[in-house]
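The structure appears below as structure tokens.
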Amino acid sequence: MNTFQTNATVVKTEQLGPQIYRLTFSAYDIAKSAKPGQFVMLKASQGLDPLLRRPFSIHQVTEQGTLQILFKAIGKGTQYLSALKVGDVIDIVGPLGNGFDINTAGGHCLVGGGMGIAPMLYLAKEIIKGNKPVDLKIILGAQNKDEIAQLLLNFSELGVEVIHATDDGSSGHHGFVTELMEPILTNNNEKDWNIYCCGPHPMMKQVASICDKNSWNCWVSMETMMACGIGACLGCTIQGINTIQKQSQNYMHVCKDGPIFRAADIKW
Amino acid sequence: MNTFQTNATVVKTEQLGPQIYRLTFSAYDIAKSAKPGQFVMLKASQGLDPLLRRPFSIHQVTEQGTLQILFKAIGKGTQYLSALKVGDVIDIVGPLGNGFDINTAGGHCLVGGGMGIAPMLYLAKEIIKGNKPVDLKIILGAQNKDEIAQLLLNFSELGVEVIHATDDGSSGHHGFVTELMEPILTNNNEKDWNIYCCGPHPMMKQVASICDKNSWNCWVSMETMMACGIGACLGCTIQGINTIQKQSQNYMHVCKDGPIFRAADIKW
Amino acid sequence: MLKVRIGSLSLPNPVMTASGTFGYGKEYEDFVNIHKLGAIVVKGISFDPRPGNPPPRIVETACGMLNAIGLQNVGVERFIEEKLPYLRNMNCRVIVNILGDSVEEYCAITQRLNEEKGIQAIELNISCPNVKKGGVAFGTNSSMAHEVVSQVRKETSLPLIVKLSPNVTDITEMAKAAEDGGADAVSLINTLIGMAIDIHKKKPVLANTIGGLSGPAIKPVALRMVWQVADAVKIPVIGIGGISTWQDAIEFILAGASAIQVGTANFFNPRITDEIIIGIEDYLKKNKYSSVREIIGLAKN
Amino acid sequence: MLKVRIGSLSLPNPVMTASGTFGYGKEYEDFVNIHKLGAIVVKGISFDPRPGNPPPRIVETACGMLNAIGLQNVGVERFIEEKLPYLRNMNCRVIVNILGDSVEEYCAITQRLNEEKGIQAIELNISCPNVKKGGVAFGTNSSMAHEVVSQVRKETSLPLIVKLSPNVTDITEMAKAAEDGGADAVSLINTLIGMAIDIHKKKPVLANTIGGLSGPAIKPVALRMVWQVADAVKIPVIGIGGISTWQDAIEFILAGASAIQVGTANFFNPRITDEIIIGIEDYLKKNKYSSVREIIGLAKN
Ligand SMILES: Cc1cc2nc3c(=O)[nH]c(=O)nc-3n(C[C@H](O)[C@H](O)[C@H](O)COP(=O)(O)OP(=O)(O)OC[C@H]3O[C@@H](n4cnc5c(N)ncnc54)[C@H](O)[C@@H]3O)c2cc1C
Ligand SMILES: Cc1cc2nc3c(=O)[nH]c(=O)nc-3n(C[C@H](O)[C@H](O)[C@H](O)COP(=O)(O)OP(=O)(O)OC[C@H]3O[C@@H](n4cnc5c(N)ncnc54)[C@H](O)[C@@H]3O)c2cc1C
Ligand SMILES: Cc1cc2nc3c(=O)[nH]c(=O)nc-3n(C[C@H](O)[C@H](O)[C@H](O)COP(=O)(O)O)c2cc1C
Ligand SMILES: Cc1cc2nc3c(=O)[nH]c(=O)nc-3n(C[C@H](O)[C@H](O)[C@H](O)COP(=O)(O)O)c2cc1C
Ligand code: FES
Ligand code: FES
């Protein structure tokens, strides 16, 4: 027993930006066995529409057994979730997937873009917990200031270097997070960087290529449509690289084999 | 233009009994053109489940353009409605159907059972408004005291005779509303009774038969499954009596030909 | 920008209402600018009036509904007397959906409609059982379909649309039979056959036992069939089945439909056809197309 | 009270999991008492492993989903080595769903499974195209269905269930072909063929263009087919299609199903099979039946 289906109670709701919400549930069992990079599947309707659960990265957990997700309301399911109120009950399955393997050697750099920021707070806390002294840099990206301002507060409490970029330049670097990586990481005496990345596909592809060039370890959190989240439907396929051992179609499944993959294993 | 589709705002929510709710919307156009016995169709979901609108009798309207429905939460749609909060918006179509024809001659007796009580408050008010001095008796029935106590308060404000029955005897007469009709109405010097009835099918059938025996005018409000509410789908069929003019299948449609029918026209 | 052609018929936009879901038009006058619709397909008309099936006739299902109306209608004479004048007056484009139990009935209705003004096209509903041929539906047997289409074709020069049933192994075969028979267009899909059971009464919910499934639930099946039929025939295809939003309408057009019909969605959103017309226009503008015709079948490239 | 028989196979209750929706059982061990299920029908097995289709493989639709997994599976050898021991150990009743592109492949898989312990029955998925016969699916041609069933029948004495495709004009014809071929039971329905289009990319959503529609949306069609097939054959019928609540399961049993399979509902409610078993038992008690067998087909009276 390490995956649970629970009726969790909403204990806190926050709106962090124009369409950005954070929900806190009491889900003791899930919170207790979770690790950064794992996700949960939430039933995002009262009836049968939408039918399928929606996957969300675990954003934070607390000792008290609460669990947070951070999301953008972009469609039916997320709109439903954004309207939940304290005391409402939600059906949640998790923790799911493999989570990040935190490498104990070398420095750590977290790169989160958009809602890919969600798992980074949890990951940062775990890295800080386990590694002292910690060499941790955090690079966050968003569309604009409104989307990221409140989240930056949470990260700044960690006491590590946090830099950020916005697409429109309204806050931080004007441009992409990928432009920040090399200036920061290559000037650093630390050679052996571990990059943990979550964000839109084009961003992760770019991060993977930068890491490849610099021979940095790179892990990415992949997204696909999911029906089950537990390896049963075989629907959440992505294509892995073709090696000699693996045949031409090296299909991997995001929910079971991931969502965290070594960037080098993905066919971008 | 006498039927409207409006996004109405919930201005008041009440729970009147274990599963009994009353919602007040601001729906000026509909309220202004409504008459007692007519109904509205409400979209009772955010998405596509449940798919079809739900029909509800108009319970009350106010001068200010608000409109009330009274309902029991018995399934998906009504449960959704019962969770609405002040400020929520709901998509509503109405007023629909033909409404009660208020006969100006003779005395009036309103018989409402269960949620069939809903249209009776509006009807009573209209009768009182138009007829002075008014000979109006109201007979209400419910399963138990909890279901009817609060509603009785609304009716008692009307200043006319209101008697009631409960199935379990927890309030009023222990038994059926149909048992109260003849004792009250036949002892009365008024001969020409107009009976307006709404409630479960067996009850209305019984009322119709009592009226037939006593040669009282009787109108009933019929219920069927409805898809459109406006006479387009031809789904809300009931069987009328077979007269010489009408062929063997004298199908009538509740949403257009009703929901109010002369009891004598129905094949019970 | 929204103009489309269905054979010789030119429509101001590709949005029609599906037969049996829009009454005879008047039912929706408070909600929709009915004269602005591409066309109104009226409730299926038989030669004589039909009373339809006993109740219950409808039941809701997951994202859909079952109906067993049993083709209740006023018959061709009363349609012409009571319903057509209003639609003509309102300047609506009227497509008359017709049904029969025999080739002769289809032909007789067509002859009668031929005499009237204000009818833009005839839609042949071939989902009815052929009573003369042992009750097998015209719509599930391609040679019977071919027969009825070619006979009706002889009776009229009005554009002839053949409405296909989805309850077949290969719908392209039926579409080709209709095309060969002389149809100007095919429309699809009619309802899927389904049923529901009342577990308390332990009986089918519908008095008729089985009924036709419609609504959003069937959209994926309808879209697939439109996609297949658009490849199989040269005549225009009219897409029907579960269309409830302008996005749904665009999907059908991208799949190869020259026009679409909205059915069940009229019931839960009586204003939907107006909304779909606006939505299609906005989509074209945002995507910089100058005509809806540019995107017909575009998803095939 | 819940015991049912499917031919020579006796099951503690009528609730199975549908192939392809429950993995190889282990995936659900945290949610369901898998050894208490009537049976587990495992993901379809071919002779050699298959990689399946490229992504995207799934898309949500109104009250349903489309999948084009493309029958990805580990092949019969690895199934026996890697998956079967766990299920045997857990004391689960295992039904192996098999698929092939030729009669020979179906027979070869059956021969191999015959050698193994811990397999209660074989379910023949005949929805695959027969590559030798020009790609027409076994499941849409009754003589091809008859052929594959009777050949596989010769290879095994295990109970043989034939799983029918709904994408046919007359499913009773297919059911009779299976019965004639020697099937011990039929199960239905497999998915309806559907598709979805991405209106931004202007392309089909699924890489495979078309996919199989499943979930609550298809329940009315499935129930109607079960009702028809139960009238047409003497062998037991297993009902599948959109079952998401115990009420749905009761509907199928009342329609004539001796057992049911739960598919897509496992995805959105991984505990659903346990809930359905309890729900059926409660229903029987409340309605004072002593065995589920008393209500099989009851809605037909
Ligand atoms: C492992 C994983 C972790 C995720 N974590 C987060 C997170 O922390 N915060 C966040 O905001 N979002 C996250 N997402 C994305 C999130 O699942 C989608 O935003 C959400 O499912 C959209 O649902 P909707 O009903 O609002 O939108 P819809 O209207 O259904 O669709 C809007 C868009 O979202 C995509 N989508 C819909 N359903 C799914 C699904 N089941 N899986 C993947 N994509 C889908 C659709 O393709 C479409 O492009 C994650 C996705 C995955 C796979
Ligand atoms: C003209 C009319 C006026 C009505 N007025 C009232 C009222 O004032 N107060 C009140 O509480 N109820 C009223 N009803 C009944 C009300 O419409 C149903 O209780 C409601 O539709 C149930 O919806 P649901 O989703 O909660 O239940 P469901 O889970 O859908 O069904 C529960 C039961 O309600 C019946 N039902 C479901 N949908 C409809 C429908 N569209 N039309 C008719 N019956 C349906 C079903 O057959 C089932 O037995 C009225 C019905 C009609 C036809
Ligand atoms: C209540 C109802 C009545 C219908 N009557 C007819 C009819 O008379 N003739 C016909 O060809 N189709 C009829 N149909 C089928 C629709 O025109 C349409 O083909 C089908 O409902 C699928 O579209 P939809 O999912 O948008 O409803 C009817 C459908 C419904 C729901
Ligand atoms: C993701 C997925 C994979 C499936 N794989 C198979 C399969 O391998 N073999 C098979 O016979 N049916 C397969 N099916 C069909 C199901 O077993 C079932 O017949 C169908 O989904 C209808 O049931 P449902 O609506 O309960 O899901 C699959 C269905 C889904 C959704
Ligand atoms: S979501 Fe079902 S296998 Fe990954
Ligand atoms: S509900 Fe559609 S005609 Fe009455």
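The sequence lines fix the lettering, A, B, ..., with proteins before strands; numbering per chain opens at 1. Below, all heavy atoms of this structure are taken into account, side chains as well, without hydrogens, waters or symmetry copies.
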Q) Which of the residues C:I197, C:L223, C:V226, C:V221 is involved in the greatest number of heavy-atom pairs with chain D at under 4.5 angstrom? A) C:I197
Q.
Does any part of the side chain of D:D274, heavy atoms only, come nearer than 4.5 Å to the side chain of D:V15, both counted from C-beta?
A. no
Q: Verify whether one side chain among D:N190 and D:S165 offers a donor that lies under 3.5 Å from an acceptor in the other.
A: no
Q: Side chain from CB out, backbone as N, CA, C, O: work out which of these in C:N287 comes under 4.5 Å of a heavy atom of chain D, or both, or neither.
A: side chain
Q: Using a cut-off of under 4.5 Å on heavy-atom pairs, state which of D:L254, D:L192, D:I193, D:I253 scores highest against chain C.
A: D:I193
Q. Does a donor on one side chain sit under 3.5 Å from an acceptor on the other, for C:S142 and C:E173?
A. yes
Q | Any side-chain heavy-atom pair of D:L66 and D:I58 under 4.5 Å | A | no
Q: Could you check if a side-chain atom of C:L188 sits within less than 4.5 angstrom of a side-chain atom of C:I171, using non-hydrogen atoms only?
A: yes
Q: Kindly assign one of parallel, tilted or perpendicular to the pair C:Y283 and C:W246, based on the angle between their ring planes and the thresholds 30° and 60°.
A: tilted
Q: Heavy atoms only, distances under 4.5 angstrom: which of C:P166, C:P220, C:G215 has the most pairs with chain D? Name it, please.
A: C:P220
Q: Determine the option with the most heavy-atom pairs under 4.5 angstrom with chain C, choosing from D:N301, D:I199, D:T209, D:I295.
A: D:I199
(Q) I need the residue from D:N167, D:N141, D:I250 with the largest number of non-hydrogen atom pairs under 4.5 Å to chain C. (A) D:N167
**Q.** Contact class of D:S244 relative to chain C, heavy atoms under 4.5 angstrom
**A.** neither
**Q.** Closest-packed option against chain D by number of heavy-atom pairs under 4.5 Å, given C:T140, C:V168, C:L298
**A.** C:V168
Q. Which bit of C:L213 is near chain D, if near means a heavy-atom gap under 4.5 Å: side chain, backbone, both or neither?
A. side chain
Q) Under 3.5 Å, is there a donor-acceptor pair linking the side chains of D:T191 and D:S214? A) no
Q | Which portion of C:F252 sits near chain D, non-hydrogen atoms under 4.5 angstrom | A | neither
Q. Hey, are D:S143 and D:E147 close enough side-chain-wise for a donor-acceptor pair under 3.5 Å?
A. no
Q. Can you say whether D:T61 sits under 4.5 Å from chain C via the side chain, the backbone, both, or neither, judging by heavy atoms?
A. side chain
Q | Heavy-atom proximity to chain C below 4.5 Å, by part of D:D248 | A | neither
